[in-house]
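Just below is one structure, and these are the notes that go with it.
Scope of the values below: all heavy atoms of this structure, side chains included, with no hydrogens, waters or symmetry mates. All chains are named by letter (A, B, ...) in the order of the sequence lines, taking the proteins before the strands, and each is independently numbered beginning at 1.
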Amino acid sequence: MADIKNNPYLAHMHDAMDEGAAYNNGSTSTKGTNSAFDALVPGKTTAAQQEAAEEALHNGLTGRSFSQKYKDILAKRRELPVNKQRQNFLDLIHNNQFVVLVGETGSGKTTQIPQYVVLDMLPQIEGKIIACTQPRRVAAMSVAQRVAEELDVKLGQEVGYSIRFEECTSSKTVLKYCTDGMLLREAMSDNMLSRYSAIILDEAHERTLNTDILMSLMKNIASKRRDIKVVVMSATLDSEKFQKYFNDAPLLTVPGRTFPVEIYYTPEPERDYLESAIKTALQIHATEPEGDILIFLTGEEEIEEACRLLRARGDDIIRSANCGPLLIVPLYSTLPPNMQQKIFEKAPEPRTKGGAPGRKIVVSTNVAETSLTIDGIVYVIDPGFSKQKVYNPRVRVESLLVSPISRAAAQQRAGRAGRTRPGKCFRLYTEKSYNNDLIEQTYPEILRSNLGSIVLQLKKLGINDLVHLDLMDPCAPEVLMRALELLHYLGALDDDANLTPIGHAISEFPIDPQLAKMIISAVEYGCTNEVLSIAAMLSVPNVFLRPREAQRAADMAKAEFAHMDGDHMTLLNVYHSYKSSSEPSQWCWDNFLQYRSLKSADNIREQLRRVAVKNNIPLLSNNFSSPEYYPKIRKALTAGYFMQVAHLERNGQYLTVKDNQIVLLHPSSVLERKPEWVIYNEFVLTKRHYIRTATEIKPEWLLEIAAHYYELSNFPPCEGKRILEKIALRNAIVQDEQERKKRKKEKKDKESKEGKEGKDKEKKEKKEKKDKKERKEKKERKEKKEKK
DNA sequence: GAGCACTGC
């Protein structure tokens with residue numbers, strides 16, 4: 001205590017200690033010289049007390065004295081806008097179960113709020129810990145790293161993170177950053193999230209599928225656990241919706257710290273946004289002061305095209321208008337990491353000393369909207385489009401569609417220009433269009449997705465009444481119905497929509513339900529090892545590369561792996577070859593394969609293998625030289641994908657079974673010979689309808705493996721149906737015949753058995769008679785003898 | 001004869 005009193009730097013620590021003593025009901029806590037936390041009473045701290053604890057001589061979490069680095073960071077933390085609101089925040093959290101917090105970029109909410117909650121709830125004393133969720137893995141990881149530094153602890157000890165494939169926590173952990181999907185998984189085995197005293201949901205405005213489910217779950221849990229606190233953090237001004245959803249929760253608004261961005265609209269609508277974007281970029285280069293440019297486009301092809309045009313025309317204006325040199329960099333997620341690094345390179349130097357400055361132009365997809373931040377961007381060009389996922393429940397297909405962005409997304413894009421200094425945003429649409437045509441918010445993902453996997457998870461979470469599920473935006477009944485239907489056909493739900501043992505097993509796997517069903521069914525066919533590999537390969541982005549300049553070479557490389565049964569077996573070949581290569585990265589390069597995808601497939605396979613072992617699913621392989629080796633694998637695939645079958649009609653077109661959609665085999669398929677029956681993994685909707693990743697099957701397998709689905713009476717008419725009907729009829733006849741034969745044989749057996757028994761009896765009786773007679777005669781002879 | 005916006009368990 002004396003130390004603190006003598007230290008002018010800790011002026012208000014003194015008061016805090018006294019207050020703490022008062023809360024402790026007068027009990028002496030003078031050993032509090034070592035831990036400033038002694039002054040804190042769980043659930044009743046003040047901002048002053050918290051600040052005092054942060055300025056104490058020793059770290060309340062570790063008992064160690066604070067490092068100089070800690071003190072330096074602390075000074076900066078005090079400057080964050082959110083720190084000015086600490087007392088307000090504490091007041092709200094003390095008096096409410098839910099708090100909604102809106103904080104713009106740079107407010108410090110993600111790093112500071114969880115720390116305030118830790119100091120307030122003192123998880124190390126209370127035994128329950130605090131979680132803060134993020135939609136993305138990298139964010140969870142990097143924020144945890146930062147907060148560990150801020151609290152002067154080692155990452156993975158008192159502060160940790162938990163993401164797929166990486167658990168970086170310990171028994172000491174009091175604050176855990178995790179992806180929202182990870183927390184959802186955890187809830188599946190601990191429905192009340194009983195380990196936690198507070199959950200902080202960050203980036204809630206992004207409305208990812210998992211965040212939406214988690215919000216609903218927290219609402220449910222909070223109504224049953226009065227002790228848990230929930231903080232929902234968001235970046236939008238659409239806070240009323242969040243407040244209302246969380247039972248009229250109070251709102252705290254924290255200003256951000258960004259620079260102003262001037263917005264420019266086009267006076268007239270642009271017909272060709274690509275052309276217009278390029279023109280605008282070159283015009284900025286020719287007329288605006290130094291500063292890098294970010295252009296938002298929709299996809300890889302468009303971006304590469306734009307880069308080509310920019311390079312060509314850039315050279316022209318550099319010559320004619322005496323502009324500085326340009327560095328043009330594409331950016332999209334499937335770009336190899338070393339190419340992605342280029343976005344962080346500096347703009348080129350002027351060609352001559354004192355000449356016009358160079359400029360960097362980044363041409364990017366949505367990655368640059370949320371996931372990646374590029375420093376030095378001053379100008380943003382926003383054509384107003386992005387590719388968005390849409391789900392059509394009628395044909396059960398998710399597809400990507402180029403669509404206008406929302407006003408919220410447009411604001412987000414503009415904001416990217418003001419991170420380091422005041423910037424400008426050029427919108428390639430009219431102001432009128434912005435106000436009238438763009439929707440306010442992007443539709444939440446839950447309204448645009450296939451919910452098969454999510455519905456299963458909800459069932460596992462103990463939520464049975466899905467129709468009345470309390471979601472911020474309720475999903476369409478038809479989408480829900482499709483999900484239930486799928487799970488029912490897979491055998492995951494019974495007739496009353498309750499989870500079956502198979503459903504429990506499927507839900508353990510962090511993959512599509514069909515893939516999980518495939519793995520579980522593989523036990524029956526003795527090929528779980530191979531099916532685990534295929535499932536992993538199907539869960540990662542396409543492994544086959546096909547660079548524009550080397551298409552033929554790439555196709556030839558792929559042909560080396562081709563398997564005549566189809567694309568699934570081809571993937572299996574690739575995986576096996578990958579595993580046996582000595583230098584995987586070089587090997588991938590040589591074979592036109594995406595190393596990143598294969599590495600990830602290997603990771604996923606290992607995870608799936610662990611889940612399988614945990615659920616007593618044996619790891620089996622058939623004898624490779626057996627002729628049944630591949631057919632058995634294909635049967636296991638069919639057990640998962642019997643709802644995605646296409647039949648080649650006599651006119652040479654494939655028709656999907658039951659939905660009767662005309663589809664083409666994707667040109668990337670190895671199945672050039674067009675087998676009559678195929679299962680497919682994916683339905684791709686572009687200019688035409690394609691089925692991608694297909695494997696040949698036998699129609700009789702469908703009736704054998706999925707008899708409940710192939711109840712042909714409710715199928716619409718088509719050739720495939722007629723063939724299946726014939727097979728079913730033949731099966732029925734064969735079965736009848738077999739049964740008739742069986743009955744006949746049984747009868748015969750019975751008769752002959754009876755006959756035999758009869759004869760035996762006769763024989764026995766005869767023998768007995770004979771014996772008796774003999775005995776009698778013997779006896780008589782004996783008696784005669786004796787009489788003599 | 002063609003694509004894979006972006007996350008995530």
Side-chain angles (χ1 to χ4, degrees), chain A residues 133-140 162-167 178-189 203 206-214 296-305 331-335 364-372 385-390 398-403 405 409 412 442 444-445 448-449 453-454 456-457 460-461 506-513 515-516 536 539-548 551-552 554-555 558 594 596-597 600 603-604 607-608 610-611 664-669 672 682 684-693:
Chain A
T133 69
Q134 298 289 320
R136 281 169 293 280
R137 293 160 50 92
V138 258
S162 171
I163 59 179
R164 190 185 193 183
F165 306 130
E166 237 183 296
E167 180 70 36
C178 60
T179 47
D180 39 20
M182 204 68 189
L183 192 64
L184 210 51
R185 277 273 145 190
E186 221 181 300
M188 284 171 65
S189 51
E203 314 287 1
E206 287 189 25
R207 303 291 309 277
T208 65
L209 196 48
N210 286 336
T211 308
D212 267 20
I213 301 293
L214 216 42
F296 284 103
L297 293 177
T298 65
E300 172 177 344
E301 209 179 304
E302 207 175 74
I303 287 168
E304 293 294 352
E305 174 74 6
L331 175 65
Y332 42 87
S333 74
T334 50
L335 202 67
S364 169
T365 61
N366 273 355
V367 251
E369 211 175 280
T370 47
S371 308
L372 266 168
F385 292 95
S386 70
K387 275 193 193 165
Q388 286 166 30
K389 187 170 74 182
V390 287
E398 277 182 351
S399 51
L400 288 171
L401 214 64
V402 174
S403 328
I405 60 169
Q412 175 76 20
T442 312
E445 209 185 349
R448 300 182 280 125
S449 310
S453 186
I454 281 292
L456 195 64
Q457 285 188 49
K460 191 76 187 275
L461 288 166
I506 292 179
S507 72
E508 290 285 314
F509 286 93
I511 44 174
D512 279 350
L515 288 175
S539 305
V540 297
N542 188 13
V543 296
F544 297 106
L545 291 172
R546 201 164 182 262
R548 188 184 287 263
Q551 293 186 342
R552 271 190 60 126
D555 290 346
K558 185 175 175 180
Q594 185 96 41
R596 229 192 317 175
S597 293
S600 159
N603 257 332
I604 291 175
Q607 191 188 25
L608 298 180
R610 275 203 303 268
V611 175
L664 296 169
L665 209 52
H666 197 273
S668 67
S669 176
E672 280 168 2
E682 214 180 344
V684 186
L685 202 70
T686 49
K687 281 170 203 158
R688 292 155 139 178
H689 295 178
Y690 291 103
I691 48 173
R692 191 159 50 191
T693 316

To the nearest angstrom, how far is A:Glu508 atom CD from B:dC9 atom C1'? 12 Å
Protein-nucleotide distance (A:Arg610, atom CZ; B:dC9, atom C1'), rounded to Å: 13 Å
B:dA5 OP1/OP2 closer than 4.0 Å to side-chain N/O of A:Thr298: no
Does A:Arg136 reach a base, just sugar-phosphate, or nothing at all? Heavy atoms under 4.0 Å. sugar-phosphate
Using side-chain heavy atoms (C-beta onward) and a distance below 4.5 Å, is A:Pro510 in contact with A:Leu608? yes
Which is more 5' along DNA chain B, the nucleotide nearest A:Gln607 or the one nearest A:Glu301? Just name the residue. A:Glu301
Looking only at side-chain atoms of A:Val367, point me to the closest of B:dG3, B:dC9, B:dC6. B:dC6
Short side-chain N/O contact to B:dG1 OP1/OP2 from A:Arg688, under 4.0 Å: no
Ignoring backbone atoms, test whether A:Arg692 places a side-chain nitrogen or oxygen under 4.0 Å from the OP1 or OP2 oxygen of B:dG3. no
Within a strict 4.5 Å, meaning less than it, do heavy atoms of the A:Pro135 and A:Asp180 side chains meet? yes
Under 4.5 Å between any side-chain heavy atoms of A:Glu203 and A:Thr211, yes or no? no
Looking at every strand, decide which applies to A:Thr208 at a 4.0 Å heavy-atom threshold: base, sugar-phosphate, or nothing. nothing
Have a look at A:Phe509 and say if it touches a base, only the backbone sugar-phosphate, or nothing, with a 4.0 Å heavy-atom cut-off. nothing
Beyond-backbone contact of A:Arg448 with A:Glu398, side-chain heavy atoms, under 4.5 angstrom: no
B:dA2 phosphate, OP1 or OP2: any side-chain N/O from A:Tyr690 under 4.0 angstrom? yes
Is any side-chain heavy atom of A:Met182 closer than 4.5 Å to one of A:Glu166? no
Between CD of A:Glu166 and C1' of B:dC9 the distance, given in whole Å, is 15 Å
Starting at atom CZ of A:Phe544, determine the distance to atom P of B:dG1, rounded to an integer number of angstrom. 21 Å
Integer-rounded Å distance: B:dA2 P and A:Arg546 CZ: 10 Å
Selection from B:dA5, B:dA2, B:dG3 that lies nearest to any side-chain heavy atom of A:Asp555: B:dA2
To the nearest Å, give me how far apart NZ (A:Lys460) and C1' (B:dC9) are. 13 Å
Mind calculating the distance between CD1 (A:Ile454) and P (B:dT7) to the nearest angstrom? 18 Å
Can you measure A:Arg207 atom CZ to B:dT7 atom P for me and round it to whole angstrom units? 20 Å
Touch check for A:Pro541, heavy atoms < 4.0 angstrom, all strands: base, sugar-phosphate only, or nothing? nothing
Out of B:dA5, B:dT7, B:dG1, minimum distance to the side chain of A:Pro667 belongs to B:dG1
Does any donor atom in the side chain of A:Tyr332 or A:Glu302 lie under 3.5 Å from an acceptor atom in the other side chain? no
Please state whether the phosphate of B:dG1, meaning OP1 or OP2, lies under 4.0 angstrom from any side-chain nitrogen or oxygen of A:Ser668. no
Assert: residue with more 5' nearest nucleotide on DNA chain B, out of A:Tyr332 and A:Pro510, is A:Tyr332
Just checking A:Ser386: base, sugar-phosphate only, or nothing, at a heavy-atom cut-off of under 4.0 Å? nothing
Identify whether any heavy atom of A:Ile163 sits under 4.0 Å from a base atom; if not, whether one sits that close to sugar-phosphate; answer base, sugar-phosphate or nothing. sugar-phosphate
